[in-house]
Amino acid sequence: MSTAAATPFEEVLSAGGPPVRRLMADVELLLGRITVAYGTQLGRAAGTTLAGGGKRLRPLLVFVCVDGEHGSQRRRQALVRAAAAVELVHMASLVHDDVLDDARVRRGRPTVYASQGRGTATASGDFLFSRAFSLLGENGNASQIRALSDACVDLARGELAQRRDAYSHFAGVERYLYRCELKTASLFVAACKLGALVAGYDGPQVEALGRFGQRVGLAFQILDDVLDVAGDVVQTGKQRGSDLLEGTVTLPLILAAEADPELAKLDLSTLNSRAEAERVCERIAASGALEEARRQASELVVAAQSELDGGLDSRVSALLRLVADRVVDRYS
Ligand code: FPP
Ligand code: MG
């Protein structure tokens, strides 16, 4: 990754030039307006989530699926609404997830759940989720609504699957990837499809961009799971080993358990301290599983990029390739 990069995707913003930067600024303004428009209680809860920042990778994906100057003012507005809607769903899912996971810190800050309680966090997540759809509805396009609602259905299914699989690493790699498709890749698919739909691409191109998003999303989640084992709190905003303590079995543990009989026998429900989780992280790292997980993520990025070969504007495919590369670099 470029050392000068202010965000992991700075290089993408530079390559996209003023049109992409303007759209990113507009989406931020729109999100800010939405969070203050409904009184102080919602403003505080939604504002906490918005101020937490995040990479805004999903809005960026919406924008870079569309060529050059992004067309008429009307199309720009439709793109900004679509990008904000995806980010609102993402924010809603995290606010709800923190309630479900009893999580007190996200991105280094207190969660809405920790600072404002379960009820406010649940209702604020509901608000963000609903507002996403009223916003996208303004685009007046049923296919766009379908793309985002499909992702929401998958997010909820992913959450349920993760609960069902908690504390069990015998489900294996396939089941793990299935969960990642639902809980993470689905929103990447929606972001790419929304960009493609607003741009007016034909059906096969919308589908190809959806597959691109799906593979990048999977790589992103695998690398996020690697970071939970290998990363430090400053980089990730949370302490390592959190997935283990929550009973979430991820690719590094699944791969490490194939090579290390001690890890294969490990019962995650018996882990009850941060120090024990750290020791398991060390053991996973020693098995070589982190390198193998990173390799699998890189393969997915290559597979994602191969979806860009047919018929897209060369500037669009170059920007999308760059996004996919930066997803991997961020974690290397
Ligand atoms: C974070 O995963 C959570 C998600 C990716 C999705 C959570 C989905 C829901 C709560 C259900 C549906 C919500 C909506 C709005 C449709 P994680 O807990 O593995 O990662 P973390 O470390 O970031 O918490
Ligand atoms: Mg969580």
Side-chain angles (χ1 to χ4, degrees), residues 22-54 56-63 65-66 70-100 111-113 116 119-159 182-184 186-200 206 210 213:
R22 265 199 302 275
L23 288 164
M24 291 299 278
D26 285 354
V27 90
E28 215 55 38
L29 277 176
L30 179 55
L31 290 170
R33 275 210 305 277
I34 288 171
T35 54
V36 297
Y38 296 84
T40 49
Q41 192 188 15
L42 260 172
R44 204 154 77 88
T48 304
T49 312
L50 191 62
R56 306 284 189 254
L57 171 55
R58 294 155 189 82
L60 183 62
L61 274 174
V62 174
F63 298 143
C65 283
V66 186
H70 301 99
S72 64
Q73 177 66 3
R74 203 179 141 89
R75 190 167 81 168
R76 287 187 78 257
Q77 284 170 346
L79 274 176
V80 170
R81 281 193 289 264
V86 177
E87 192 65 13
L88 285 167
V89 167
H90 177 52
M91 286 161 66
S93 73
L94 296 183
V95 172
H96 278 178
D97 184 64
D98 291 334
V99 174
L100 296 171
T111 57
V112 180
Y113 166 62
Q116 285 154 80
T120 300
T122 306
S124 314
D126 291 344
F127 163 80
L128 294 166
F129 174 71
S130 311
R131 194 66 186 84
F133 279 94
S134 60
L135 185 63
L136 190 61
E138 288 177 41
N139 283 358
N141 181 299
S143 302
Q144 292 177 31
I145 297 283
R146 182 66 196 259
L148 193 60
S149 54
D150 281 349
C152 292
V153 169
D154 282 352
L155 282 177
R157 289 172 67 214
E159 179 63 30
L182 296 175
K183 84 164 187 178
T184 307
S186 60
L187 216 41
F188 283 66
V189 174
C192 292
K193 283 191 173 178
L194 283 171
L197 287 165
V198 175
V206 174

Interatomic distance, [X] atom [atom1] to [Y] atom [atom2] [nearest 0.5 angstrom]:
X: Arg58; Y: His90; atom1: CZ; atom2: NE2; result: 3.5 Å
X: Leu135; Y: Ser130; atom1: CG; atom2: OG; result: 12.5 Å
X: His96; Y: Asp126; atom1: NE2; atom2: CG; result: 4.0 Å
X: Thr184; Y: Leu155; atom1: OG1; atom2: CG; result: 8.0 Å
X: Arg56; Y: Met24; atom1: CZ; atom2: CE; result: 8.0 Å
X: Arg146; Y: Lys193; atom1: CZ; atom2: NZ; result: 9.0 Å

Side-chain touch [X]/[Y], heavy atoms, less than 4.5 angstrom:
X: Thr49; Y: Val112; result: yes
X: Val27; Y: Glu87; result: no
X: Leu194; Y: Leu136; result: yes
X: Phe63; Y: Val198; result: no

Query raised in the report: Which atom names give the shortest non-hydrogen contact between Phe188 and Leu61, and what distance separates them?
Result: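 Between these two residues, the closest heavy atoms are CD2-CD1, 3.5 Å.
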
Query raised in the report: Does Glu138 CD have over 12 foreign heavy atoms under 6.0 Å away?
Result: yes

Report summary line: side-chain contact (heavy atoms from CB on, under 4.5 Å) with Thr111: of Val95, Val99, Asp98, only one passes, and it is Asp98

Query raised in the report: Checking side chain to side chain contact (heavy atoms under 4.5 Å, CB included) for the pair Arg75/Val66: CA distance, chi angles, key distance, verdict?
Result: CA-CA 10 Å; Arg75 190 167 81 168; Val66 186; 3.6 Å; yes

Query raised in the report: Between Arg76 and Asp26, does at least one N-O distance fall below 4.0 Å, as a salt bridge requires?
Result: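 Yes, this pair counts.
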
Query raised in the report: So, Arg131 versus Ser134: side-chain donor-acceptor pair below 3.5 Å or not?
Result: yes

Query raised in the report: Ignoring hydrogens and geometry, is there a side-chain-to-backbone donor-acceptor pair from Ser186 to Lys183 under 3.5 Å?
Result: no

